[in-house]
Amino acid sequence: MADAHAKPHHDYHLVNPSPWPLVGASFAFLTAVGLILSMHASEMALGRFGLPLLGVGVAGLLYVMASWWFDVVHEAETGDHTRVVQIGLRYGMILFIASEVMFFVAWFWAFFDASLFTNEAIQYGRVAFTGGVWPPKGIEVLDPLNLPLLNTLILLTSGATVTWAHHALLHDDRQGLQAGLTLTVLLGICFTCVQAWEYAHAPFAFKNSIYGATFFMATGFHGAHVIIGTIFLIVCLARAHAGQFKPEQHLGFEFAAWYWHFVDVVWLFLFCCIYVWGSWGATIEGAAG
């Protein structure tokens with residue numbers, strides 16, 4: 001009976017009892033409390049504890065995430081991820097990416113609502129911020145054929161390198177896998193550096209500008225996804241060096257590749273809609289003189 005319980009005769013994985021959901025929820029609560037206290041430090045007696053609680057909460061969450069994912073990797077290495085389990089995990093990743101798509105739908109909605117209805121009667125207060133035109137009067141925009149185009153080429157190239165890495169893995173080419181992943185990580189870091197430079201020298205700010213608010217929310221949210229995807233790929237690179245991926249089973253890398261391609265596609269929409277179309281007919285930074 002005990003042996004039958006230890007080795008079930010089915011393809012489903014019954015997860016062992018884990019402390020991480022409870023521990024993660026506790027640290028998430030600490031993070032929320034610390035964030036609230038730090039925001040109202042001058043108004044609350046316990047405000048001085050805000051930043052320490054926030055630091056402990058964030059550090060704890062990072063620890064829980066790393067430990068939980070380590071357990072998932074261990075499950076894969078010990079054969080718990082059967083074909084049936086892999087199908088379920090793929091569905092989960094697809095639904096996660098779908099939820100991320102809806103985040104970007106919200107940012108695009110905000111951008112197009114502001115840009116297409118600059119003088120809508122029901123949005124009478126918007127005219128004061130836009131002057132009834134888009135981009136708003138007095139706004140100098142970034143040249144889409146400068147740094148934005150460079151970042152587009154960087155991301156498209158990174159999509160090719162991660163596909164190369166995946167193809168190499170399927171053919172059990174370990175050197176090609178590691179080389180492709182290394183190049184993808186480096187390109188992701190380059191993208192982030194270029195965008196940071198762009199933000200630092202942008203001719204408009206986030207506050208007091210509906211153009212700046214919609215621009216930075218959409219592109220900044222995407223930039224956060226690039227950073228997350230880069231970390232995802234760095235972990236895959238470390239696992240590739242450890243020889244943990246096999247041609248017949250490499251869900252971790254497959255999900256990282258899906259996520260990276262999703263980031264690529266979203267950037268193409270951002271580049272075409274916000275950088276190119278959104279700046280059409282506007283004054284380009286540095287071109288006024």
Side-chain angles (χ1 to χ4, degrees), residues 97 100-161 184 186-230 259-289:
I97 292 177
E100 294 293 291
V101 169
M102 299 314 296
F103 269 120
F104 284 102
V105 167
W107 305 135
F108 277 108
W109 188 295
F111 172 78
F112 282 115
D113 180 67
S115 59
L116 293 175
F117 305 102
T118 54
N119 53 3
E120 184 82 3
I122 198 173
Q123 302 282 6
Y124 59 90
R126 185 173 293 169
V127 179
F129 288 96
T130 64
V133 295
W134 192 268
K137 289 183 177 179
I139 290 288
E140 287 188 0
V141 301
L142 296 166
D143 184 358
L145 301 181
N146 194 355
L147 294 181
L149 180 59
L150 173 62
N151 260 349
T152 302
L153 296 176
I154 289 174
L155 267 193
L156 289 177
T157 304
S158 72
T161 56
T184 308
L186 292 176
L187 289 168
I189 293 172
C190 286
F191 178 94
T192 301
C193 292
V194 171
Q195 190 168 54
W197 176 271
E198 176 186 273
Y199 279 10
H201 297 82
F204 49 85
F206 181 91
K207 61 182 181 179
N208 301 326
S209 167
I210 191 170
Y211 180 87
T214 54
F215 173 88
F216 283 114
M217 282 305 303
T219 60
F221 196 66
H222 174 269
H225 281 69
V226 171
I227 294 173
I228 293 169
T230 303
Y259 190 85
W260 197 252
H261 288 309
F262 158 69
V263 168
D264 285 351
V265 172
V266 171
W267 175 257
L268 290 177
F269 279 98
L270 286 170
F271 177 72
C272 294
C273 297
I274 294 181
Y275 283 99
V276 178
W277 179 85
S279 62
W280 200 266
T283 302
I284 301 296
E285 178 192 16

With a 4.5 Å heavy-atom cut-off, do [X] and [Y] have their side chains touching?
X: N146; Y: L142; result: no
X: L187; Y: L155; result: no
X: W109; Y: F104; result: no
X: Y259; Y: I228; result: yes

Residue pair T161 / T184, side-chain donor-acceptor N/O under 3.5 Å: yes
Donor + acceptor pair across side chains of W107, T214 (<3.5 Å): no
Sequence-distant partners of F269, side chain to side chain contact (heavy atoms under 4.5 Å, CB included), two or more places apart: F108, V265
Sequence-distant partners of H222, side-chain hydrogen bond (donor to acceptor under 3.5 Å, both in side chains), two or more places apart: none
Proximity of F204 and F216 rings by center, below 6.0 Å: yes
Criterion ring-ring contact (aromatic ring centres under 6.0 Å, His included) on W267 and Y275, from CA distance to verdict: CA-CA 10 Å; W267 175 257; Y275 283 99; 5.5 Å; yes
Heavy-atom pair with the smallest gap, counting every atom of Y211 and P136: CB-CD, 3.7 Å
Heavy-atom closest pair, residues W260 and S158: NE1-OG, 2.8 Å
